[in-house]
Amino acid sequence: MSKPVNEELLRSGKILLYLKDQFLKNRSKETLFPLLNCLRDSKVIVPVSMMMSKNDAEKFANSKAGDNVTASDPIRFRPDILKKGEKCFLPIFSNKEQIPNDYRENFSTISVTVLQCLEMAKKNEKICGLVLDTYTKPVVLEYPVADLIPKFESKLK
């Protein structure tokens, strides 16, 4: 990804999937750096649990289809955390097709930049990195590697 790229091209996650596959076939700096550079400008899907006040939860639970319900209190999103042995990771997905249905049914999802994901992950001292597409062809990005992502120059037009 050395040329400028349009955000529309990144939206589907296909470029990210392609670069991930290239890295998995040949784990080297020549394939890692383009993947990290693409992640720098990509939005990914993060599974989250919604945290809301009891009052708001009751409002939503008692609403009917078509009702317009507004939260009175802030709604917070808590990302899922995956454990691999002693290590914890923030799962991120290149697109919805990479998330198994049974897993997706247990969470809401949000689309955020990878830079925002790093910020979220760093707020939890148990997390030691990101894992991309953990249930298909995973790429584990522990902090020494994940911390390189913000250092890449944006290629967005």
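Everything numeric here is computed off the predicted structure, so don't read it as measured data.
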Measure the spacing between [atom1] of [X] and [atom2] of [Y] and express it to the nearest 0.5 Å.
X: N26; Y: L32; atom1: CG; atom2: CG; answer: 11.0 Å
X: I75; Y: F60; atom1: CD1; atom2: CZ; answer: 4.5 Å
X: R76; Y: S53; atom1: CZ; atom2: OG; answer: 11.5 Å
X: L148; Y: L36; atom1: CG; atom2: CG; answer: 6.0 Å
X: C117; Y: I45; atom1: SG; atom2: CD1; answer: 10.5 Å
X: L118; Y: D147; atom1: CG; atom2: CG; answer: 6.5 Å

Any idea which heavy atoms bring [X] and [Y] closest together, and the distance?
X: A146; Y: L141; value: CB-O, 3.5 Å
X: K29; Y: P34; value: O-CD, 4.0 Å
X: V46; Y: I92; value: CG2-CG2, 4.1 Å
X: M120; Y: V112; value: CE-CG2, 4.0 Å
X: D73; Y: D56; value: N-OD2, 2.9 Å
X: L19; Y: C38; value: CD1-CB, 3.4 Å

Do [X] and [Y] come within less than 4.5 Å of each other through their side chains, counting heavy atoms only?
X: M50; Y: F77; result: yes
X: I81; Y: K126; result: no
X: I99; Y: P47; result: no
X: Q22; Y: L35; result: no
X: K87; Y: V131; result: no
X: N106; Y: D80; result: no
X: Y143; Y: I127; result: yes
X: L130; Y: V114; result: yes

Please determine, by modelled atom types, if T136 and Q98 share a side-chain donor-acceptor pair under 3.5 angstrom.
-> yes

For residues D133 and S94, is any side-chain donor paired with an opposing acceptor at under 3.5 Å?
->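 Short answer, yes.
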
Is it possible for you to say whether [X] and [Y] belong to one hydrophobic cluster, with membership spreading through side-chain heavy-atom contacts below 4.5 Å?
X: F89; Y: V139; result: no
X: L17; Y: L132; result: no
X: I149; Y: V145; result: yes
X: I110; Y: F107; result: no
X: V44; Y: L82; result: no

For R40 and L115, run side chain to side chain contact (heavy atoms under 4.5 Å, CB included): C-alpha distance rounded to whole Å, both residues' side-chain angles, the deciding distance at 0.1 Å, then the answer.
-> CA-CA 7 Å; R40 162 67 177 82; L115 298 180; 3.4 Å; yes

Would you indicate whether R78, at its atom CZ, is surrounded by more than 12 heavy atoms from other residues, nucleotides or ligands within a distance under 6.0 Å?
->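 Atom CZ in R78 is not crowded, with 12 or fewer foreign heavy atoms closer than 6.0 Å.
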
For atom OH of Y18, is the number of surrounding heavy atoms from other residues, nucleotides or ligands below 6.0 Å larger than 12?
->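 No.
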
Indicate yes or no for a side-chain donor-acceptor contact from K20 to the backbone of K137 under 3.5 Å, with no hydrogens or angles considered.
->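 Pair found, side chain donor or acceptor close to backbone of K137.
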
K96 backbone acceptor or donor facing R104 side chain under 3.5 Å |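 Yes; judged by distance alone, with no hydrogens or angles, the pair exists.
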
With a 4.0 Å cut-off, would you call K59 and D67 a salt bridge?
-> no

Evaluate the ring planes of F93 and Y135, with Trp represented by its six-membered ring, and classify them as parallel (under 30°), tilted (30 to 60°) or perpendicular (over 60°).
->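 Taking Y135 first and then F93, their aromatic rings lie parallel (interplane angle under 30°).
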
